[in-house]
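The next block holds one structure in the form of C-alpha cells; read it before the comments.
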Amino acid sequence: VSTASTLLRSDLLDFHGYRSARSETVQGRIWLNANESAWPSAADPEGSCRRYPDPQPELLVGALARLYGMPPDEVLVGRGSDEGIDLLVRTFCMPGSGCVVIAPPVFGMYAVCARLQGARVVEVPLLDAPAGYAPDLDAMANAALLERASLLFLCSPGNPTGEVIAPEHIAALAARLRNRCLVVVDEAYGEFTEWPSASTLIADNDNLVVLRTLSKAHALAGARIGCVLAARETIELLRRCQAPYPVPRPCVDAALAALSPGALVATQAQVASVRASREEMLRELGSVPGVRRIYASQANFLLVRFDDPEGMLQKLLAAGIVVRDMRAMPGLGDAMRITLGDPMQNKAVLAALAQPDPIAEEAA
Ligand SMILES: *Cc1c(COP(=O)(O)O)cnc(C)c1O
C-alpha cells in the first residue's frame, strides 16, 4: 500500500469524484453528451473553447513531464500550484481533525488551505542562523509524528526567506516519514537555483510530493498553470478531488507555447539575468545606509531587514515602487521582500533607498 492510500481521508475511501462527460473514453462523430453549444461563440470564431476541455490535456501533461523529468502519470496539472496545495489538504486532512506541519515565516497558502479545511496547523519555526534561515527538519518530523500530521510543507527555495534545502536532507526526512506523512516540497522558485529538484527523489520515496509552477520563472502567473509531481497513487487520489475541468483551454495553449523550445531558451536567459542581478543587488544593498541585513537568496527576490522599515517603505513608495511588507510575519518585524526586476527597476530600487532621510521640519 502506498503512503497516499494510507493517509487518504477515511471518509473518502469510496469516493471517486465527479464523472464528467469527458471521462468516458468512447469514440464518436456527433457529440451530444455534455450540453455544449453546437455553434462557436462570436467571441471564439474558431470554436476552440466551444467544448469542455480535456481534464488533463495530454500534450500539456507530456510537455510538463518532459520539463520536470517525470513520467506523465506522476504529473497532475491544475490552476497554479495553489490548487495543488488545496487539493493535498482536502484529500489528506479530515475536516476538523486533520493536521499539517509548516515552518514559518513561509508562504501563506499552506495555513490558509488548512484553516479552510478545519485542519490544525502545527508551526515549527525556521531557525534564523548567521548563515541564513533553515528549517529544523528533525523537529518538523517529530511534530508530524507526534501530532499525526498527514502533510508536512517545505518551501525550497523558501518564500520569503530564499534558502534551499539540500536534497539529501529531504530524502532523509521522507524516509523517516514513509507511510506516516506526505512531505510536500514547494519549488515555485526552483528555476532560480542551481540545486537539483527534489522530484528526482520521488521514485524512491512514495510519500514525497513536489509542486512546480509556470507562474514565476515562466512568466505565466495570469494563466494559472501549476502542477503536482508525485507517485502515481498520490496523483490518482488528488485527481478524484479536483474540479472536473481544472485547466481552461486558452491557458493550456499559453502553457504549451511557453514550453516550446524557443520560449524555453528565452526563459533561461531571463532566469540567468535574474540570478546575475540577484548577486549584484545583494552587494549593492549591502552598502545602502539603514540596511540591517540581507539574506542570501536562491530565488527571484531578496529578504531585507532595515533599521527604519517604515521610512524605507515611504522612500520606495515616493518613487512609485511597491515591495512586499513582511512586518506582520513572525520574526520579520523589520523586513521587506523585494522582487528582482529588470536592470532598470533594480537601479530604481537602489536609488530610492539611497535617498536622504526627510529632514524634520524646523520651526520658522
Ligand atoms: C507564488 C507561489 C506559489 C503560487 O504559485 P501559483 O502556481 O501561481 O499558484 C506557490 N508557492 C510559493 C512558495 C509561491 O511563492
Side-chain angles (χ1 to χ4, degrees), residues 60-61 63-64 67-68 75-90 100-114 116 121 123 126 133-135 140 151-165 170 182-193 195 197-199 209-230 238 242-243 246-248 250-252 254-255 258-259 267 270-271 274 278 295 297-303 322-326 328-329 332 335-341:
L60 180 55
V61 170
L64 290 165
L67 181 68
Y68 300 129
V75 176
L76 182 79
V77 189
R79 289 159 292 185
S81 38
D82 283 347
E83 183 177 30
I85 297 164
D86 180 55
L87 281 176
L88 284 161
V89 170
R90 283 195 289 131
V100 311
V101 176
I102 65 170
V106 74
F107 184 58
M109 281 304 285
Y110 317 135
V112 165
C113 293
L116 278 169
V121 178
E123 300 188 340
L126 291 179
Y133 275 102
M140 290 182 85
L151 297 169
L152 183 157
F153 284 98
L154 298 174
C155 192
S156 178
N159 175 12
T161 44
E163 81 288 357
V164 163
I165 307 166
I170 292 173
L182 292 171
V183 174
V184 184
V185 186
D186 185 341
E187 296 184 352
Y189 303 95
E191 292 84 356
F192 298 103
T193 174
W195 285 82
S197 168
S199 56
V209 178
V210 172
L211 303 174
R212 302 294 305 246
T213 178
L214 300 188
S215 292
K216 307 284 163 51
H218 293 273
L220 279 188
R224 310 304 303 128
I225 301 286
C227 59
V228 180
L229 312 177
L238 294 174
Q242 196 177 26
V247 211
C251 302
V252 173
L259 299 179
T267 299
Q270 289 151 9
V271 165
V274 167
R278 181 174 69 203
Y295 288 86
S297 168
Q298 293 287 308
N300 67 340
F301 53 78
L302 291 169
L303 180 69
V322 184
V323 300
R324 190 65 174 262
D325 184 354
M326 306 307 302
M329 279 223 177
L332 295 181
M336 281 174 243
R337 190 193 65 195
I338 305 176
T339 305
L340 294 155

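When a ligand or atom number is given, it counts from 1 through the structure's own listing order. Quick caveat: nothing in here was measured; it's all calculated off a predicted structure.
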Practice task
Just jot down the side-chain contact (heavy atoms from CB on, under 4.5 Å) partners of D86, sequence neighbours excluded, or say none.
Solution key: R90, C113
Exercise for the section: Return the set of residues passing side-chain contact (heavy atoms from CB on, under 4.5 Å) with S199 (not counting sequence neighbours), or none when no residue passes. Expected result: M70, S197, I202, V210, L229
Exercise for the section: Provide the full list of salt bridge (charged side-chain N to carboxylate O under 4.0 Å, His left out) pairs with a residue in residues 153-164, sequence neighbours left out, each pair given once. Expected result: none
Practice task
With the side chain counted from C-beta on, respond yes when T161 and P105 share a heavy-atom pair under 4.5 Å apart, and no when they do not.
Solution key: yes
Completion exercise
Of all heavy-atom pairs linking L220 and A255, the shortest is CD1-CA, 3.9 Å
Practice task
Taking the six-membered ring for Trp and the single ring otherwise, decide whether the centroids of F107 and F153 are under 6.0 Å apart.
Solution key: no
What are the atom names and distances for all N or O pairs under 3.5 Å between ligand 1 and the protein?
{"unit_1": "ligand 1", "atom_1": "5 (O)", "unit_2": "S81", "atom_2": "OG", "d": "3.0"}
{"unit_1": "ligand 1", "atom_1": "7 (O)", "unit_2": "S81", "atom_2": "N", "d": "2.6"}
{"unit_1": "ligand 1", "atom_1": "7 (O)", "unit_2": "S81", "atom_2": "OG", "d": "2.9"}
{"unit_1": "ligand 1", "atom_1": "7 (O)", "unit_2": "T213", "atom_2": "OG1", "d": "2.5"}
{"unit_1": "ligand 1", "atom_1": "7 (O)", "unit_2": "S215", "atom_2": "OG", "d": "3.4"}
{"unit_1": "ligand 1", "atom_1": "8 (O)", "unit_2": "S215", "atom_2": "OG", "d": "2.6"}
{"unit_1": "ligand 1", "atom_1": "8 (O)", "unit_2": "R224", "atom_2": "NH1", "d": "2.7"}
{"unit_1": "ligand 1", "atom_1": "8 (O)", "unit_2": "R224", "atom_2": "NH2", "d": "3.4"}
{"unit_1": "ligand 1", "atom_1": "9 (O)", "unit_2": "S81", "atom_2": "N", "d": "3.1"}
{"unit_1": "ligand 1", "atom_1": "9 (O)", "unit_2": "D82", "atom_2": "N", "d": "2.9"}
{"unit_1": "ligand 1", "atom_1": "9 (O)", "unit_2": "D82", "atom_2": "OD1", "d": "3.4"}
{"unit_1": "ligand 1", "atom_1": "9 (O)", "unit_2": "D82", "atom_2": "OD2", "d": "3.3"}
{"unit_1": "ligand 1", "atom_1": "9 (O)", "unit_2": "R224", "atom_2": "NH2", "d": "2.8"}
{"unit_1": "ligand 1", "atom_1": "11 (N)", "unit_2": "D186", "atom_2": "OD1", "d": "3.3"}
{"unit_1": "ligand 1", "atom_1": "11 (N)", "unit_2": "D186", "atom_2": "OD2", "d": "2.6"}
{"unit_1": "ligand 1", "atom_1": "15 (O)", "unit_2": "N159", "atom_2": "ND2", "d": "2.8"}
{"unit_1": "ligand 1", "atom_1": "15 (O)", "unit_2": "Y189", "atom_2": "OH", "d": "2.6"}
{"unit_1": "ligand 1", "atom_1": "15 (O)", "unit_2": "K216", "atom_2": "NZ", "d": "3.2"}

